[in-house]
Amino acid sequence: MNPRILAATTGRILRQLRHDRRTVALLIVVPTVLLALVYFMYVDQPTPRGQPTVFDRVALIMLGFFPFIIMFLVTSIAMLRERTTGTLERLLTTPLAKLDLLFGYGIAFGLAGVVQATVASAVAYWVFDLTTAGSIGLVIMIAAINAVLAVALGLFCSAFARTEFQAVQFMPVVVAPQLLLCGLFVPRGEMAGWLQAVSDVLPLSYAVEALQEVGAHADPTATMWRDVAIVAAAAVAALVLAAATLRRRSG
Amino acid sequence: MDDAVSVRDLVVERGRRRVLQGISCAVPRGTVTGLLGPSGSGKTTLMRAIVGVQRVSAGTVTVLGRPAGAADLRRRVGYLTQAPSVYADLTVRENARYFAALHGRDHAHADQTVADVGLAGAAGQLVGNLSGGQRSRASLACALVGDPELVVLDEPTVGQDPVLRADLWARFHAMAAAGTTLLVSSHVMDEAGRCDRLLLIRDGRLVADDTPAAVRASTGVTDLEEAFLRLIKASEQEASS
């Protein structure tokens, strides 16, 4: 890796994003609209005494999910475009190292995820009155790590898609099981053993647990830090797998 | 070491098809060498093998004294793919500056290269909004911006207007005069006369490897298109007898 090339690559990806104003607008606005939707869905629902409201519970998890879903899709398509337009092959004939490209995507879309999560969190806390025991900063940090994980998975999955149609199909494949089994719908401890085992190997389960820790405790807990470390390690592992899919020579 | 590229008995298979059937040829340093042949003859495959992105079945490709695809060659070889491979959602200038940065060149150098390919007036436009010819020149700028010792250009003049085409060829010769080696493919025979040397391939085999003058002399015709027809006929007779 070369810091100059990594910086140039990160800047190039962010510049591409900047030229696409509508995408930037969607990245910022859509989470807010969906949070509003959830807020008004649950606003009249009774809350059992001593428990967080349904909105508090759901919105907190959603803040972690937005960057994950969106950055996964954006990255899969961006990387697929690099492959189909020939820019990837060209890049691999230059002094750029594979990790310069992969980390460039990780940093660029990770930053986009931070912006998205910051705006969404600000709206959730200050407009819709989201209440958590822990701080908004920790929520944004976890959302950012989710974004990087999503970029890494997107880079990896794009190697298995030949067309945009295929690439978007990986979204339900990668995202839906993690969403269903993360503990939002049924607490992980109450699932059948084999489902728990599946849930245990899905990185988003740990991201959700970390967010729930922030929701329940004023100070960051050891469990939260362990979960954050697991998600970060999964992101690094996915980046390494993605690097293995980049071949300088092809048939 | 006179040859920038030396290819020995190169065989490339794509799927079940043998695209290159044991080609041996050389590209002398500081020349403009034309790689000519009809569409599907294996020009692009040979260029990809030289740049080091093509998996080869047999034979060797030596580039600037190193095996093709060696890591240190990536800063010494520039490659223009046939389809313009630049970012459509960036401006011409942003594309050139990015590829310049990969080669450790500054913004001023990138802007100069954009001007050199005749795109100074369109530097601020998104590549996606350019005409096909302009897009191809934007891609060319990105191949030249690292000042490579060897430049491999796959059909760089397709879709360019005649004045620009003449400009580009003048630039290629100026680069060769300064010591750069250029390998330029074309399927247009009128460009063959502009090259210092010619490689003619057909169906994955080398039909001619000579200067334009020698090709004319050996076939006894002045028109290179006609000369190539005769060479192809002669090689087919040789193959069938």
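Keep in mind that what you see is a predicted model, and the values were worked out from it rather than measured. Every chain is numbered from 1, with letters handed out A, B, ... down the list of sequences.
Of the two parts of B:V86, the backbone and the side chain both hold a non-hydrogen atom closer than 4.5 Å to a non-hydrogen atom of chain A. For A:L17, no part lies under 4.5 angstrom from a heavy atom of chain B. Of the atoms belonging to A:R15, heavy atoms from both backbone and side chain fall under 4.5 Å from chain B. Heavy atoms of B:A71 lying under 4.5 Å from chain A are absent altogether. Neither the backbone nor the side chain of B:P148 comes within less than 4.5 Å of any heavy atom in chain A. With a 4.5 Å cut-off on non-hydrogen atoms, B:L126 touches chain A through its side chain but not through its backbone. Proximity to chain A involves both the backbone and the side chain of B:S139, based on heavy atoms less than 4.5 angstrom apart.
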(message) One pair to check against side-chain contact (heavy atoms from CB on, under 4.5 Å): B:L102 and A:D100. What are the steps and the verdict?
(response) CA-CA 10 Å; B:L102 298 184; A:D100 289 326; over 6 Å; no
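Two residues are said to be in side-chain contact when any heavy atoms from C-beta on lie closer than 4.5 Å; B:H103 and A:P95 meet this criterion. At a threshold of 4.5 Å between non-hydrogen side-chain atoms, the residues B:R74 and A:R248 count as touching. Proximity of B:L80 to A:R90: side-chain heavy atoms (C-beta onward) are separated by under 4.5 Å at one or more points.
The OG1 atom of A:T87 sits 7.0 Å away from the CZ atom of B:F99 when rounded to the nearest 0.5 Å. Taken from OG1 in A:T93 to CZ in B:R48, the straight-line distance is 11.0 Å, to the nearest 0.5 Å. The distance from atom CG of B:D89 to atom NE2 of A:H19, rounded to the nearest 0.5 Å, is 7.5 Å.
The residue among B:V56, B:L90, B:V12, B:V51 with the most heavy atom pairs within less than 4.5 Å of chain A is B:L90.
With sequence neighbours excluded, the residues that form a salt bridge (Lys or Arg N to Asp or Glu O under 4.0 Å) with A:R18 are B:E94.
Using a 3.5 Å distance cut-off with no hydrogens or angles, the side chains of B:Y98 and A:T9 do pair a donor with an acceptor. B:R75 and A:T94 are not linked by any side-chain donor-acceptor pair at a separation below 3.5 angstrom, with hydrogens and angles left out of the test.
More than 12 heavy atoms of other residues, nucleotides or ligands shown are found within 6.0 angstrom of CZ on A:R83.
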